[in-house]
A.B. asks: 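Could you have a look at this structure, given as structure tokens, before my questions?
When a residue number appears, it is its place in the shown sequence, counting from 1. Atoms within a ligand are numbered from 1 in the order they appear, just like the ligands themselves. What you see below is based on every heavy atom in this structure, not just the backbone, and it leaves out hydrogens, waters and symmetry mates.
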Amino acid sequence: MSLQGKKALVTGGSRGIGAAIARRLAAEGATVAITFAGNKAAADATVAAIEAAGGTAFAFQADAADPASQRAGVDQAAAALGAIDILVHNAGVAEFSTVSEDTDETYERQFGVNVKGLHVGTRAALPHLNDGGRIILIGSISGEMAFPATAVYSATKAAVAALARGWAKDLAPRGILVNTVQPGPIDTDMNPADSEFAGQLLQAIPLGRYGRVEEIAGAVAFLAGPDASYITGTTLNIDGGTAA
Ligand code: NDP
């Protein structure tokens with residue numbers, strides 16, 4: 001229970017990695033708010049799972065790509081929690097297309113959620129974020145290596161890590177630590193382990209398997225907790241060795 005009494009906001013906490021992070025932070029004692037885009041049933045299920053385990057959780061619809069919606073979601077979450085100690089920017093989208101297939105819309109959608117959403121969300125959260133707090137961004141190993149037909153997604157995730165490095169310096173005077181977790185292939189709706197893409201990818205993963213959402217949640221809990229007190233501005237790859 002290393003996060004007893006802490007208040008955490010996890011964006012995109014309805015499914016996949018974000019839901020696992022929300023459950024893990026709650027299991028460590030944090031009160032948790034999640035945001036979701038449109039899947040209320042999944043968001044309610046995450047809240048119910050946390051409450052069934054004895055925790056406290058809230059869910060708010062907030063489109064990360066829409067600044068007004070994102071700000072409202074952060075404000076609602078902060079009001080429910082009372083303040084924020086841990087902000088996890090997990091909401092993200094990925095679209096497969098080569099540069100010949102990319103459109104203005106595929107570019108805007110991915111940068112809108114993956115980059116603008118966390119820039120707006122962090123600015124909205126700062127007035128509520130306690131000194132000594134933590135900001136954890138979910139990037140991707142795609143931010144530092146190329147996979148087929150995902151250049152724009154890769155560019156968004158390179159931007160995520162760059163924002164974290166800059167914010168680590170900006171927010172150090174307040175004792176707020178900012179780090180990026182970069183997952184490798186993790187079995188979720190975004191990247192199912194039984195897809196054709198997964199079949200090709202497996203050969204590139206030294207550990208020979210997809211990761212589990214709980215393996216990302218564990219890293220986030222570490223970065224949110226007391227053992228990470230001297231870690232800021234770094235990236236942590238959780239990828240079975242894929243980017244090594
Ligand atoms: P999923 O597609 O399984 O889940 C995405 C989550 O983000 C859902 O909770 C979804 O909400 C939410 N979301 C999507 N768009 C928005 C939006 N516009 N506003 C608010 N919330 C939104 O994805 P994963 O769990 O796989 O991915 C989570 C993060 O991890 C992403 O940032 C992704 O880029 C990153 N990542 C994933 C990897 C993987 O292999 N799975 C590898 C590397 C990084 P809703 O349920 O309402 O749709």
Side-chain angles (χ1 to χ4, degrees), residues 9-24 32-47 59-74 76-77 88-96 108-121 124 136-147 150 152-161 163-164 180-195 197-198 201-202 204-205 209-217 219-220 235-240 242-243:
L9 169 58
V10 181
T11 69
S14 44
R15 290 183 288 125
I17 292 170
I21 292 169
R23 288 194 305 267
R24 177 63 190 267
V32 177
I34 62 169
T35 64
F36 62 99
N39 200 332
K40 185 171 186 315
D44 288 344
T46 301
V47 169
F60 302 99
Q61 193 280 332
D63 179 357
D66 174 347
S69 176
Q70 178 77 326
R71 280 190 202 99
V74 169
Q76 285 175 296
V88 183
H89 278 297
N90 163 81
V93 290
E95 298 188 30
F96 279 100
E108 295 296 341
R109 274 198 297 269
Q110 292 177 92
F111 269 90
V113 179
N114 299 1
V115 184
K116 188 171 72 176
L118 58 83
H119 188 247
V120 170
I136 299 156
L137 310 184
I138 305 301
S140 169
I141 58 167
S142 292
E144 56 183 67
M145 63 184 290
F147 293 95
T150 52
V152 171
Y153 176 73
S154 291
T156 68
K157 293 302 190 177
V160 167
L163 287 172
T180 305
V181 169
Q182 299 193 145
I186 307 297
D187 184 16
T188 66
D189 294 341
M190 178 186 284
N191 187 3
D194 58 1
S195 70
F197 176 68
L201 206 57
L202 272 181
I205 307 171
R209 66 167 175 87
Y210 261 47
R212 297 184 295 273
V213 292
E214 292 80 8
E215 292 173 313
I216 304 303
V220 171
T235 57
L236 178 56
N237 290 353
I238 313 288
D239 67 344
T242 308

A.B. asks: Are the side chains of Val220 and Arg24 in contact, using a 4.5 Å heavy-atom criterion?
C.D. replies: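 Not touching, per the 4.5 Å side-chain cut-off.
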
A.B. asks: Give the atoms of ligand 1, by number and element, whose distance to some non-hydrogen atom of Gly92 is under 4.0 Å.
C.D. replies: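 So the atoms of ligand 1 that pass are 7 (O), 14 (C), 31 (C), 32 (O).
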
A.B. asks: Give me the residue, atom name and distance of the protein heavy atom closest to atom 36 (N) of ligand 1.
C.D. replies: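 Heavy-atom neighbour on the protein nearest atom 36 (N) of ligand 1: Tyr153 OH, 3.6 Å.
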
A.B. asks: At less than 4.0 angstrom from any non-hydrogen atom of Val113, what atoms of ligand 1 do you find?
C.D. replies: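 Near Val113, the atoms of ligand 1 are 18 (N).
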
A.B. asks: With a cutoff of 4.0 Å, is Ser69 in contact with ligand 1, counting heavy atoms of the residue only?
C.D. replies: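 Judged by the 4.0 Å heavy-atom criterion, Ser69 does not count as contacting ligand 1.
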
A.B. asks: Is any side-chain heavy atom of Asn90 less than 4.5 Å from a side-chain heavy atom of Ile136?
C.D. replies: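 No, side chains not in contact.
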
A.B. asks: Do me a favour and list the nearest non-hydrogen protein atom to atom 19 (N) of ligand 1 with residue, atom name and distance?
C.D. replies: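 It is Ala64 N, 2.8 Å.
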
A.B. asks: Which pair of heavy atoms, one from Leu137 and one from Ala164, lies closest together, and at what distance?
C.D. replies: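 For Leu137 and Ala164, the tightest heavy-atom pair comes out as CD1-CB, 3.6 Å.
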
A.B. asks: Looking only at heavy atoms, which two atoms of Val113 and Ala64 are closest? And how far apart?
C.D. replies: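 That closest heavy-atom pairing would be CG1-CB, 4.2 Å.
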
A.B. asks: Under 3.5 Å, N or O to N or O, is Ser140 touching ligand 1 that way?
C.D. replies: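 No, there is no polar N/O contact under 3.5 Å.
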
A.B. asks: Mind listing the closest non-hydrogen atom pair of Ala43 and Ala59 along with its distance?
C.D. replies: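 Looking at all heavy atoms of both residues, the closest pair is CB-CB, 4.1 Å.
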
A.B. asks: Between Ala37 and ligand 1, is there a nitrogen or oxygen pair with a distance under 3.5 Å?
C.D. replies: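 Between Ala37 and ligand 1 (N or O atoms, distance only) the closest approach is under 3.5 Å.
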
A.B. asks: Can you tell me if Ile138 contacts ligand 1 (heavy atom of the residue under 4.0 Å from the ligand)?
C.D. replies: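 Flag set, Ile138 near ligand 1.
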
A.B. asks: Assess Tyr210 for proximity to ligand 1: is some non-hydrogen atom of it under 4.0 Å away?
C.D. replies: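 Judged by the 4.0 Å heavy-atom criterion, Tyr210 does not count as contacting ligand 1.
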
A.B. asks: Please list, chain by chain and in numerical order, all residues satisfying side chain to side chain donor-acceptor pair (under 3.5 Å) with Arg212, sequence neighbours excluded.
C.D. replies: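 Arg212 satisfies side chain to side chain donor-acceptor pair (under 3.5 Å) with Glu215 once adjacent residues are dropped.
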
A.B. asks: Contact between ligand 1 and Gly73 is defined here as a heavy atom of the residue under 4.0 Å from a ligand atom; is it met?
C.D. replies: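 No, Gly73 has no heavy atoms under 4.0 Å from ligand 1.
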
A.B. asks: Find out whether Tyr210 and Leu202 are in side-chain contact, i.e. whether some heavy atom of one side chain is under 4.5 Å from a heavy atom of the other.
C.D. replies: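 Sidechains of Leu202 and Tyr210: in contact.
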
A.B. asks: Below 3.5 Å, N or O to N or O, backbone or side chain included: is there any such pair between Ile17 and ligand 1?
C.D. replies: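 Ile17 vs ligand 1: N/O contact under 3.5 Å present.
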
A.B. asks: Would you check whether Pro183 has a nitrogen or oxygen atom less than 3.5 angstrom from a nitrogen or oxygen atom of ligand 1?
C.D. replies: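 In this structure, Pro183 places no N or O atom under 3.5 Å from an N or O of ligand 1.
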
A.B. asks: Report the part of Lys157 in contact with ligand 1, treating N, CA, C, O as backbone and CB onward as side chain, heavy atoms under 4.0 Å; options are side chain, backbone, both, neither.
C.D. replies: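 Lys157 to ligand 1: side-chain contact only, backbone stays beyond 4.0 Å.
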
A.B. asks: Just heavy atoms, cut-off under 4.0 Å: does Ile216 contact ligand 1 by side chain, backbone, both, or neither?
C.D. replies: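 It is neither part, as no heavy atom is under 4.0 Å.
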
A.B. asks: Within a strict 4.5 Å, meaning less than it, do heavy atoms of the Asn191 and Ile186 side chains meet?
C.D. replies: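 Heavy-atom side-chain distance check fails, nothing below 4.5 Å.
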
A.B. asks: If you measure from NE2 on His119 to CD on Gln70, what distance do you get to the nearest 0.5 Å?
C.D. replies: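 Going from NE2 on His119 over to CD on Gln70, the span is 12.0 Å.
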
A.B. asks: What part of Asp189, side chain, backbone, both or neither, has a heavy atom within less than 4.0 angstrom of ligand 1?
C.D. replies: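 The part of Asp189 near ligand 1 is both the backbone and the side chain.
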
A.B. asks: Within a strict 4.5 Å, meaning less than it, do heavy atoms of the Phe147 and Leu201 side chains meet?
C.D. replies: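 They are in side-chain contact.
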
A.B. asks: With rounding to the nearest 0.5 Å, note down the distance linking OG in Ser140 to CD1 in Ile238.
C.D. replies: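 If we round to the nearest 0.5 Å, Ser140:OG and Ile238:CD1 are 12.0 Å apart.
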
A.B. asks: Could you list the atoms of ligand 1 found under 4.0 angstrom from a heavy atom of Asp63?
C.D. replies: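 Answer for ligand 1: 17 (C), 18 (N), 19 (N).
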
A.B. asks: With side chains defined as the heavy atoms from C-beta onward, is the minimum distance between Gln110 and Glu95 less than 4.5 Å?
C.D. replies: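 The answer is yes; the side chains approach within 4.5 Å.
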
A.B. asks: Which is it for Ala42 and ligand 1 at heavy atoms under 4.0 Å: side chain, backbone, both or neither?
C.D. replies: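 For Ala42, there is no contact with ligand 1 at all, from either part.
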
A.B. asks: If we only consider heavy atoms of Thr11, is any one of them less than 4.0 Å away from an atom in ligand 1?
C.D. replies: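 So Thr11 does not count as touching ligand 1.
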
A.B. asks: Does Gly12, backbone or side chain, put an N or O under 3.5 Å from an N or O of ligand 1?
C.D. replies: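 There is such a contact, yes.
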
A.B. asks: Tell me which one of Thr11, Ile138, Val32 satisfies side chain to side chain contact (heavy atoms under 4.5 Å, CB included) with Val88.
C.D. replies: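 By the side chain to side chain contact (heavy atoms under 4.5 Å, CB included) criterion, Val88 pairs with just one of Thr11, Ile138, Val32: Ile138.
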
A.B. asks: Any atoms of ligand 1 less than 4.0 Å from a non-hydrogen atom of Ala62? List them with their elements.
C.D. replies: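 Heavy-atom distances to Ala62 below 4.0 Å select 19 (N), 20 (C).
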
A.B. asks: Answer yes or no: does an N/O atom from Ile186 fall short of 3.5 Å to an N/O atom of ligand 1?
C.D. replies: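 So ligand 1 has an N or O lying under 3.5 Å from an N or O of Ile186.
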
A.B. asks: So is there a nitrogen or oxygen of Thr35 less than 3.5 Å from a nitrogen or oxygen in ligand 1?
C.D. replies: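 So ligand 1 has no N or O lying under 3.5 Å from an N or O of Thr35.
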
